[in-house]
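Right, one structure below, let's go through it.
Just so you know, residue 1 is the first one in the sequence shown, and it goes up from there. The shown structure was predicted, so the numbers you read here are calculated from the model rather than taken from an experiment.
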Amino acid sequence: MNRKSIICLTILEILRDCGGHALPEGTLRAHLNMRERPAVFDDEAQAALAYLAQQGHARAMPGEMGDDEPRWLITEKGQAALLQR
């Protein structure tokens with residue numbers, strides 16, 4: 001499994017563990033870097049999030065109350081992808 005696939009799976013696991021609550025992108029990246037070694041570069045995280053969104057496995061919501069930081073959720077398709085692993 002290549003690094004991008006590992007990062008994508010880890011992101012989906014983190015989002016699944018949120019129990020349906022949207023996770024701010026900064027918090028998501030912090031959790032990602034706690035789980036993955038070596039640490040995930042910003043461009044790797046951005047590419048993985050873009051891929052997951054494009055595939056329909058995760059989606060971003062606008063920030064709340066003036067916060068520009070997007071919040072991420074796992075979709076049903078993303079949950080199904082994790083179950084297939």
Side-chain angles (χ1 to χ4, degrees):
M1 187 177 296
N2 65 34
R3 181 150 165 89
K4 181 180 176 183
S5 297
I6 292 168
I7 292 169
C8 287
L9 284 174
T10 303
I11 289 171
L12 290 177
E13 290 170 351
I14 293 166
L15 294 175
R16 178 199 58 206
D17 293 346
C18 289
H21 297 283
L23 191 63
E25 188 168 315
T27 305
L28 173 60
R29 288 181 184 221
H31 281 275
L32 182 60
N33 279 318
M34 284 188 270
R35 292 189 186 191
E36 289 301 321
R37 291 290 177 258
V40 177
F41 293 109
D42 287 340
D43 60 334
E44 291 177 305
Q46 192 60 41
L49 288 169
Y51 177 79
L52 291 170
Q54 179 185 27
Q55 296 299 310
H57 292 150
R59 67 181 177 92
M61 300 172 33
E64 297 176 350
M65 295 193 270
D67 184 8
D68 292 337
E69 183 177 31
R71 296 172 180 271
W72 287 87
L73 290 165
I74 190 170
T75 64
E76 288 182 15
K77 188 175 179 181
Q79 291 175 358
L82 281 177
L83 290 175
Q84 293 176 359
R85 296 283 170 190

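- Residues Leu82 and Leu52 fall within the same hydrophobic cluster, defined by Ile, Leu, Val, Met, Phe, Trp and Tyr side chains chained together at heavy-atom separations under 4.5 Å.
- A pairwise comparison of heavy atoms in Gly78 and Leu12 identifies O-CD1, 4.1 Å as the closest pair.
- Evaluation of the side chain to side chain donor-acceptor pair (under 3.5 Å) test over residues 73-85, restricted to residues two or more places apart or in two chains, returns none.
- Linking Ile, Leu, Val, Met, Phe, Trp and Tyr whenever their side-chain heavy atoms come within less than 4.5 Å puts Val40 and Ile6 in one cluster.
- Here Arg59 contributes atom CZ and Leu15 contributes atom CG; the two are 11.0 Å apart, rounded to the nearest 0.5 Å.
- Within the hydrophobic cluster formed by Ile, Leu, Val, Met, Phe, Trp and Tyr side chains joined at under 4.5 Å, directly or through other members, Leu73 is accompanied by Met61.
- Panel note: side chain Glu36, backbone Thr10; no donor-acceptor pair is recorded below 3.5 Å.
- One finds the CE atom of Met34 at 8.0 Å from the CD1 atom of Ile14 (value rounded to the nearest 0.5 Å).
- Note that the OG1 atom of Thr27 and the CG atom of Leu32 stand 12.0 Å from one another [nearest 0.5 Å].
- With hydrophobic clusters built from ILVMFWY side chains whose heavy atoms lie under 4.5 angstrom apart, Met1 shares a cluster with Ile7.
- The two residues His57 and Ala81 make their nearest non-hydrogen contact at NE2-CB, 4.1 Å.
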Which atom pairs, donor and acceptor, lie under 3.5 Å between side-chain atoms of residues 18-25 and protein residues at least two apart or in another chain?
{"residue": "Glu25", "atom": "OE1", "partner": "Trp72", "partner atom": "NE1", "Å": "3.0"}
{"residue": "Glu25", "atom": "OE2", "partner": "Arg29", "partner atom": "NE", "Å": "3.2"}
{"residue": "Glu25", "atom": "OE2", "partner": "Arg29", "partner atom": "NH2", "Å": "2.9"}

